[in-house]
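What you are looking at is a predicted structure, and each value in this text was computed from that prediction instead of being measured. Residue numbering restarts at 1 for every chain, and letters A, B, ... go by the order of the sequence lines.
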Amino acid sequence: MNESPAPYDTRKPLSDQTMIQMDGVHKWYGAFHVLKDINLTVQKGERIVVCGPSGSGKSTAIRCINRLEEYQRGRIAVDGQELSNDVKQIERIRREVGMVFQHFNLFPHLTVLENCTLAPIWVRKLPRKDAEEVAMRYLERVKIPEQAQKYPGQLSGGQQQRVAIARSLCMNPKIMLFDEPTSALDPEMIKEVLETMVSLAEDGMTMICVTHEMGFAKTVAHRVIFMDSGEIIEQNSPEEFFTHPKSDRTKLFLSQILHH
Amino acid sequence: MAEARIPHPDLPPPVSIVGPIGWLRRNLFSSPLNILLTLLTLYLLVIAIPPLLRWTVLNATWSGDTRDACQANSGACWVFIRVHFDQFMYGFYPDAQRWRVDLTVLLLIVSAAPLFIRRVPNQIKLRLALGILACYPIIAFILLTGGFGLAVVETSQWGGLLLTLVIAGVGMTAALPLGVLLALGRRSQLPAIQTLCVTFIEFWRGVPLITVLFMSSVMLPLFLPADMSFDKLLRALIGVSLFQAAYMAEVVRGGLQAIPKGQFEAAAALGLGFWKMMGLIVLPQALKLVIPGIVNTFIALFKDTSLVLIIGLFDLLNMVHNATTNPAWLGFSTEGYVFAAAVYWLFCFGMSRYSQSLEKRLHTGHKR
């Protein structure tokens with residue numbers, strides 16, 4: 001995390017291409033209102049960190065983007081394609097959106113290499129040879145090519161999470177979603193995963209990351225979004241967000257997370 | 001003063017801890033209760049084994065062609081089995097055509113052998129298995145029933161172990177895929193499919209197999225037009241398959257429920273559709289988890305094939321029963337049933353051992 005990406009001017013858009021557009025998204029679990037009027041526009045190449053107390057709906061919000069969660073009101077468009085109930089359309093969008101989970105969710109019955117080549121072969125219809133080449137390239141990138149023939153159960157948590165990142169990258173996605181990627185890891189493994197994510201950021205990947213790693217947010221994010229009880233309370237550049245939080249809830253959250 | 005310390009070589013462990021004596025002490029005589037149980041078991045073995053050995057081997061009759069040969073000995077009369085052996089294997093299949101049965105079995109053994117060799121890569125095994133699944137039933141059907149220049153053999157002439165294997169084989173190969181589909185259907189989000197599958201499963205699980213067989217052979221013809229005849233064996237096969245599919249569905253559903261939600265989500269997030277998600281990610285893991293349950297169902301199915309005797313099909317057990325009522329061979333039912341039990345046991349034990357080795361081989365989880 002030594003080289004931080006170039007500083008980012010919040011007033012000027014990164015690019016004029018919108019990658020994700022969320023308009024007035026509401027979601028209920030039964031009577032429980034989980035997401036309340038989420039509006040978010042993400043530019044191509046933009047890196048966003050979403051934080052907030054647990055149960056604030058941050059994971060749910062990003063899981064709506066690839067339709068792992070249904071929402072009842074509002075609209076979401078990814079790279080100009082609107083999410084609908086059409087299964088084919090959902091699958092088309094999911095191909096372009098990589099996702100990394102808190103608990104890795106690698107496929108335990110397949111080797112690391114097979115984990116990485118499965119979707120390119122079966123979804124992108126890549127020949128096996130090409131898929132394996134791509135997979136090895138990304139496994140080298142996350143620095144574990146020597147583990148390619150092992151099973152996930154034989155790897156450490158940090159290694160598994162890096163495989164999960166490589167698996168997503170093999171689909172050549174336009175957007176990467178990270179759902180608390182380091183929350184299930186030991187401290188020394190958090191570092192290796194964050195380094196992988198930083199190097200991804202340096203390549204200009206569009207990223208939305210739900211995390212409590214404030215150091216990562218400071219060095220990498222263009223924008224930090226704070227959510228509480230299903231609402232976006234505040235969003236700002238990391239410098240402003242950490243030094244001059246506007247709302248009381250943000251201040252309380254930051255005081256709890258930074259000084260313990 | 002500094003003397004070098006020379007380590008004393010280790011003494012050998014006492015004889016009472018290692019070696020055969022140590023083993024005996026640890027496993028058989030470690031506590032008063034264990035001593036008592038060991039002695040009791042020894043006593044039971046001493047009174048049970050000699051008579052058993054005398055009956056099955058020492059005093060048994062092995063040679064001869066008639067029951068008179070057995071008069072001299074007090075033990076088992078295995079001549080009874082030898083004389084009826086072909087009947088037990090083929091039923092009433094015409095003598096001249098029995099090579100077709102042998103060929104059918106041989107074909108299966110030869111074509112399926114690579115599946116049981118460890119060095120063959122999984123990719124090839126999968127293709128071979130699918131190939132066998134697609135071609136073998138057709139070849140076996142033609143060989144056994146006839147046509148294409150072969151003499152026609154009515155299914156009513158099939159019997160013995162042949163019939164048992166046909167019913168068990170068809171039942172297993174039909175019940176597993178059908179059960180998987182039913183299990184997926186039962187977990188479906190679509191209410192129509194779900195209701196259909198739940199109704200099907202609960203109906204077939206709610207009736208005894210005997211009833212199913214009886215209905216298929218006695219009641220079904222009442223509902224069908226008089227000129228429409230429907231092979232009796234075929235009806236039994238359909239009945240057995242549907243019945244076992246319902247049980248299989250519940251076994252598979254147990255496996256599906258054990259797969260963490262994260263696996264479904266990861267597969268979905270990669271853009272895999274429903275069938276690919278199930279076929280590539282969920283089912284391979286779920287089926288592996290429920291191998292014991294699947295084999296349990298298979299073993300039960302294998303033994304349940306003997307119930308077809310109530311609709312007048314002559315499977316192995318019914319053939320044995322039939323031979324014991326042969327006036328020329330009255331009084332040898334013990335030998336007959338012991339033989340039948342041994343054959344059933346051999347097949348069931350084989351399945352059980354194979355499932356254990358399969359489980360061990362497919363284990364990738366936590367082995368380092």
Side-chain angles (χ1 to χ4, degrees), chain A residues 59 62-63 65-70 87-112 114-125 128 149-156 163-164 167-173 175-177 179 184, chain B residues 119 121-127 129-130 180 184 187-193 252 255-292 294 358-368:
Chain A
S59 286
I62 72 161
R63 286 157 58 89
I65 295 171
N66 63 354
R67 207 46 181 334
L68 286 184
E69 299 282 351
E70 281 182 38
V87 180
K88 289 285 156 225
Q89 172 79 346
I90 292 172
E91 280 167 22
R92 216 173 298 135
I93 288 173
R94 281 174 178 168
R95 268 176 242 164
E96 309 303 332
V97 182
M99 183 149 202
V100 175
F101 299 87
Q102 181 178 358
H103 297 289
F104 332 134
N105 298 352
L106 292 177
F107 307 130
H109 62 302
L110 301 175
T111 63
V112 165
E114 287 166 341
N115 262 279
C116 292
T117 56
L118 181 118
I121 290 172
W122 290 91
V123 180
R124 289 248 191 256
K125 310 287 179 203
R128 177 173 297 272
Q149 298 306 330
K150 287 198 184 163
Y151 286 96
Q154 298 167 292
L155 304 184
S156 74
V163 171
R167 177 176 71 178
S168 292
L169 292 176
C170 285
M171 283 294 279
N172 202 9
I175 301 159
M176 284 290 282
L177 306 175
D179 188 2
Chain B
R119 254 176 299 160
N122 285 340
Q123 204 72 26
I124 294 175
K125 274 187 189 171
L126 188 70
R127 274 182 211 165
L130 290 176
V180 168
L184 291 177
R187 284 168 54 93
S188 167
Q189 310 280 329
L190 306 169
I193 293 180
V252 174
L256 290 176
Q257 276 170 349
I259 303 301
K261 203 166 145 243
Q263 293 290 310
F264 293 85
E265 288 179 350
L270 287 169
L272 292 166
F274 177 82
W275 291 108
K276 283 177 189 160
M277 180 199 295
M278 288 302 163
L280 297 167
I281 307 299
V282 178
L283 282 174
Q285 296 183 57
L287 292 180
K288 191 174 81 182
L289 278 175
V290 294
I291 287 174
I294 292 175
L358 199 63
E359 260 180 88
K360 229 176 263 163
R361 194 144 43 87
L362 293 178
H363 185 87
T364 59
H366 315 285
K367 205 168 48 183
R368 277 180 189 271

Task: Pair Arg92(A) + Glu96(A), salt bridge at N-O below 4.0 Å - done: no
- [ ] Among Met171(A), Arg167(A), His103(A), Arg95(A), single out the residue with the greatest number of heavy-atom pairs under 4.5 Å to chain B.
- [x] Arg167(A)
Task: Ion pair Glu359(B)/Lys288(B), N-O distance below 4.0 Å - done: no
- [ ] Among the options Pro284(B), Gly271(B), Ala267(B), Pro260(B), pick out the one with the most heavy-atom pairs lying under 4.5 Å from chain A.
- [x] Gly271(B)
Open item on the list: Atom CZ of residue position Arg128(A) - does it have more than 12 heavy atoms of other residues, nucleotides or ligands inside 6.0 Å?
Closed with: no
Open item on the list: Does this structure show an ion pair linking Glu91(A) with Lys88(A), if we count only N-O contacts that are shorter than 4.0 Å?
Closed with: yes
Task: Portion of Phe107(A) that has a non-hydrogen atom of chain B nearer than 4.5 angstrom - done: both
TODO: Name the member of Leu106(A), Thr111(A), Val97(A), Ile93(A) that forms the most heavy-atom pairs with chain B at distances under 4.5 Å.
DONE: Leu106(A)
